[in-house]
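Letters A, B, ... mirror the listed sequences (proteins, then strands); counts begin at 1.
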Amino acid sequence: MTLRLTNTLTGRPEPFVPFVPGHVGMYTCGPTVYAPAHVGNFRSFLFADLLRRYLAWLGFDVTWVMNITDVDDKIIRDARREGVPIRSLSERYAAVFLDDARRLRMTPPDVMPRATEHIPEMVTLIEQLLAKGHAYRTDDGSIFFRIASWPAYGRLARLDPTRQRVGERVESDEYDKDDVRDFALWKGPREGEPRWETAIGPGRPGWHIECSAMSMRYLGPTFDIHTGGVDLIFPHHEDEIAQSEAATGRQFVRTWLHCAHLQMGGEKMAKRTGNIERPADVYARGYSPRALRYALIAAHYRAPLEFGEESMRAAAAAVDRLATALAALDTYRKDGPGDPALPALLEEARTRFTAALDDDLNISPALAAVFDLVRELNRRVDARALSTADASSAAAFLRDLDRVLGVMEEEPEQLEPELARLLEERAAARARRDWATSDRLRDELADRGVLIDDTKDGQRWRRAAEARRG
RNA sequence: GGCGACGUACCCAAGUGGUUAAGGGGGAGGUCUGCAAAACCUCUAUUCAGCGGUUCGAAUCCGCUCGUCGCCUCCA
């Protein structure tokens with residue numbers, strides 16, 4: 001069985017065959033850094049991360065590029081409002097993004113290019129488009145892509161370009177272009193806006209051109225996978241294809257993958273409607289990053305996903321269940337013969353896990369395979385049917401699957417010395433059957449997010465995915 | 001108006017032609033435990049938005065109806 005992915009270009013699942021055998025070039029539209037990203041944004045980034053992790057787990061050598069858009073209208077607007085250079089604003093929120101991404105265990109992309117550091121690449125691309133007649137200048141020094149020169153325009157979004165609705169927003173565009181549907185490659189210089197002096201004149205880049213320039217700079221003119229939210233299909237990705245293929249004459253991206261929206265209250269989570277939640281908000285309510293990660297990746301990427309208190313609670317419980325199972329295996333000790341059925345059990349889980357993810361990253365049955373295995377392992381731990389070696393190979397197996405999921409363990413795997421001391425005190429209290437002290441220490445540790453289970457192998461601890469409140 | 005996605009238990013969510021409709025959460029009862037917690041066991045959809053049709057057989061295919069969401073405009 002091989003990996004199949006639903007390509008937006010064709011609308012159907014296709015076997016994934018990399019352009020260069022064994023290697024995958026993958027680009028993800030990253031954040032525009034003028035505010036902290038919300039959890040809806042992170043759904044799409046974590047979807048890309050899940051894909052990246054799975055490809056690596058399958059043995060592909062993956063190059064993952066995620067851009068950071070550090071110049072655009074909103075950044076300029078907010079920087080002006082604050083009276084600071086755009087770089088000061090963008091770097092501030094880029095740092096927040098990086099920190100949020102790290103806590104959510106997003107694999108660090110191999111390259112995170114910033115738009116402002118790739119102006120020359122964009123200029124070269126625009127020059128090629130001008131030379132080939134796909135772009136034109138306007139009086140204010142802007143340069144537009146001429147959609148009429150590109151018959152394939154609209155193919156990705158399945159839109160007929162001649163029947164696009166022309167709404168108020170399009171008409172109100174301040175730039176003067178030949179056709180309302182044409183999009184800006186380069187925006188002419190304006191008072192109070194940052195500008196770059198370039199071979200195509202002064203100004204600043206349009207939004208779409210950066211992704212074409214940076215993806216091709218690091219992955220070549222044709223690469224395997226490009227991901228983003230469904231809202232980017234049109235116009236952003238449509239425009240990327242047009243400008244890239246018009247410039248190079250080659251296919252730009254082989255497989256386009258789009259993630260459905262995260263919803264809250266039945267509607268798309270979006271900054272403009274205000275129904276957003278940021279990672280920090282979720283943590284403030286007592287949930288751990290890994291619970292949030294689980295909530296965001298646990299549903300199929302092409303299905304809309306409702307986010308809320310209920311989904312977070314369920315995610316925290318699910319993640320706790322996994323952590324508990326792992327802790328149980330780690331503390332389990334028993335000499336003697338092992339369970340001869342164990343290898344087959346693990347193999348079955350691996351087969352189901354892989355078959356599910358191969359099927360367009362269908363994570364639900366993959367998680368079902370993990371939870372079924374967890375039940376079997378717990379049952380054996382309860383019955384003390386495993387050997388110490390069995391337990392540790394089962395734990396290693398789960399950790400291997402977690403290279404794909406990234407939800408099983410919290411960052412610090414060692415208990416802080418202070419908490420470890422409380423644990424020792426509690427063990428001593430229990431040895432002298434001092435239940436009052438034992439219970440008090442258990443509560444104290446729970447308040448610090450460490451849950452204790454008393455087992456035949458002694459105390460076992462794990463970090464709570466949902467901190468105790470009240 | 002155009003294009004697209006979708007409607008499965010109390011909630012989330014797999015299943016896309018064939019024995020008992022995955023899994024997670026929640027709920028009820030039980031076992032274990034100093035008490036807990038965790039874990040394990042049992043139960044929790046004769047039914048898949050509705051109505052027709054195709055078929056020996058449909059949640060799965062076809063048609064219609066109702067409802068939800070997204071894109072067409074900055075947007076993950």
Side-chain angles (χ1 to χ4, degrees), chain A residues 8 11 28-32 37-48 72-74 154 157-161 163-173 180-181 207 227-236 238 258-263 266-273 294-295 298-300 302-325 327-328 352 356 359 362-372 374-383 430 433-436 438-439 442-443 446 451-456 460 462:
Chain A
T8 306
T28 297
C29 283
T32 298
H38 57 70
V39 297
N41 300 134
F42 275 108
R43 181 191 190 190
S44 85
F45 302 145
L46 291 179
F47 146 63
D72 95 315
D73 294 354
K74 286 169 186 152
R158 290 182 182 74
L159 284 177
D160 179 348
R163 295 181 62 182
Q164 258 187 263
R165 266 196 176 181
V166 178
E168 316 82 57
R169 279 165 183 262
V170 174
E171 283 174 41
S172 72
D173 196 302
V180 287
R181 296 168 291 120
W207 174 37
T227 76
V230 286
D231 51 2
L232 295 187
I233 294 173
F234 193 89
H236 188 235
E238 193 69 59
H258 293 97
C259 178
H261 286 139
L262 192 66
Q263 301 189 358
E267 281 191 340
K268 169 185 175 182
M269 182 178 288
K271 199 153 182 284
R272 65 171 305 189
T273 51
Y294 186 97
H300 186 89
R302 283 187 297 105
L305 175 62
E306 173 70 20
F307 183 82
E309 195 61 32
E310 195 143 5
S311 66
M312 276 311 304
R313 213 174 350 210
V319 151
D320 264 346
R321 182 165 164 78
L322 297 174
T324 306
R352 287 174 60 195
D359 178 19
N362 194 356
I363 195 161
S364 296
L367 290 172
V370 173
F371 283 108
D372 282 342
V374 162
R375 175 178 300 104
E376 288 300 325
L377 293 172
N378 283 334
R379 191 179 282 166
R380 284 164 171 74
V381 166
D382 271 11
R430 294 183 65 72
R433 305 182 67 80
D434 176 359
W435 306 128
S438 168
D439 292 352
R442 181 169 63 200
D443 290 345
L451 303 182
I452 306 299
D453 305 319
D454 294 313
T455 77
K456 289 173 182 158
R460 176 210 298 162
R462 68 200 146 89

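The ring pair (Phe, Tyr, Trp, His ring centres under 6.0 Å) search around A/F42 returns A/F45, A/F97, not counting sequence neighbours. In terms of the side chain to side chain donor-acceptor pair (under 3.5 Å) criterion, residue partners of A/T28 (sequence neighbours excluded) are, by chain and number, A/W64, A/T227. Evaluation of the side chain to side chain donor-acceptor pair (under 3.5 Å) rule for A/T8 yields A/H258 as partners, not counting sequence neighbours. Among residues two or more places apart in sequence or in another chain, the side chain to side chain donor-acceptor pair (under 3.5 Å) test is passed with A/R302 by A/T6, A/D360. Partners of A/D382 according to the salt bridge (charged side-chain N to carboxylate O under 4.0 Å, His left out) rule, which considers only residues two or more places apart in sequence or in another chain, do not exist here. A search for side chain to side chain donor-acceptor pair (under 3.5 Å) contacts involving A/H236 returns A/E240, not counting sequence neighbours. Applying the salt bridge (charged side-chain N to carboxylate O under 4.0 Å, His left out) criterion to A/R158, with sequence neighbours excluded, gives no partner residue. Every residue meeting the salt bridge (charged side-chain N to carboxylate O under 4.0 Å, His left out) condition with A/D231, not counting sequence neighbours, appears here in chain and number order: A/K268.
Using a distance-only test at 3.5 Å, with no hydrogens or angles considered, a donor-acceptor pair links the side chain of A/R380 to the main chain of A/E376. Side chain of A/D372 to main chain of A/A369: no donor-acceptor pair is present (N/O by atom type, distance under 3.5 Å, no hydrogens or angles). Between the side chain of A/H38 and the backbone N or O of A/G40, at least one donor-acceptor pair lies under 3.5 Å.
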For A/L451 and A/R442, what are the C-alpha separation, side-chain angles and deciding distance, and is it a side chain to side chain contact (heavy atoms under 4.5 Å, CB included)? CA-CA 8 Å; A/L451 303 182; A/R442 181 169 63 200; over 6 Å; no
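Consecutive pairing runs in RNA chain B reach the stem threshold at B:1-7 with B:66-72, B:10-12 with B:23-25, B:26-31 with B:39-44, B:49-53 with B:61-65, where a stem means at least three Watson-Crick or G-U wobble pairs with distances under 3.5 Å.
A/A270 comes within 4.0 angstrom of nothing in the nucleic acid, heavy atoms only. Among the protein residues, A/G11 comes within range of no part of the nucleic acid, since none of its heavy atoms lies under 4.0 Å from any strand.
The phosphate of B/rG70 (OP1 or OP2) has no side-chain N or O of A/R302 nearer than 4.0 angstrom. Distances shorter than 4.0 Å separate none of the side-chain N or O atoms of A/R352 from OP1 or OP2 on B/rA22.
Between B/rA37, B/rA36, B/rC74, one nucleotide has an atom nearer to the side chain of A/D454 than all others, and that is B/rA36. In this structure, the nucleotide among B/rA76, B/rC74, B/rG34 sitting nearest to the side chain of A/F45 is B/rA76. Of the candidate nucleotides B/rC71, B/rG70, B/rG25, B/rG25 has the atom lying nearest to any side-chain atom of A/A317. Relative to the side chain of A/N41, the nucleotides B/rA76, B/rC3, B/rA38 differ in distance, and B/rA76 lies closest. Across B/rC40, B/rG70, B/rU73, the shortest atom-to-atom separation from the side chain of A/N378 is found for B/rC40. Considering only side-chain atoms of A/L159, the nucleotide from B/rC35, B/rC72, B/rA76 that sits closest is B/rC72. Residue A/R43 places its side chain closer to B/rA76 than to any other of B/rG70, B/rC72, B/rA76.
Of the residues near RNA chain B, A/S44 and A/A315, the one whose nearest nucleotide (by heavy atom distance) lies more toward the 5' end is A/A315. Mapping A/D72 and A/R433 onto RNA chain B by nearest heavy atom places A/R433 at the nucleotide closer to the 5' end.
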So which protein N/O to nucleotides 30-33 of chain B N/O distances come out below 3.5 Å?
none

For nucleotides 11-20 of chain B, which of its nitrogen or oxygen atoms have a protein nitrogen or oxygen under 3.5 Å away, and what is each distance?
from   : atom 1 : to     : atom 2 : distance (Å)
B/rA13 : O2'    : A/S364 : OG     : 3.0
B/rA14 : O3'    : A/N362 : ND2    : 3.3
B/rG15 : OP1    : A/N362 : ND2    : 2.8

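A donor-acceptor contact under 3.5 Å is not formed by the side chain of A/D372 with the base of B/rG24. For A/R375 against B/rA39, no side-chain N or O and base N or O form a donor-acceptor pair under 3.5 Å. Remark: the A/K271 side chain and the B/rC74 base include no donor-acceptor N/O pair separated by less than 3.5 Å.
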Can you give each donor-acceptor pair under 3.5 Å made by side-chain atoms of residues 310-320 of chain A, sequence neighbours left out, with the distance rounded to 0.1 Å?
from   : atom 1 : to     : atom 2 : distance (Å)
A/S311 : OG     : A/G308 : N      : 2.9
A/S311 : OG     : A/G308 : O      : 2.9
A/D320 : OD1    : A/A465 : N      : 3.0

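With P as the reference atom, B/rC69 and B/rU8 are 14 Å apart, rounded to whole Å. Distance noted for atom P between B/rA14 and B/rC61: 16 Å (whole Å). Between B/rU65 and B/rC71, the distance separating the two C1' atoms is 25 Å to the nearest Å.
Both thresholds, 5.5 Å between centres and 30° between ring planes, are not jointly met by A/F371 relative to the base of B/rG23, so the two rings are not stacked.
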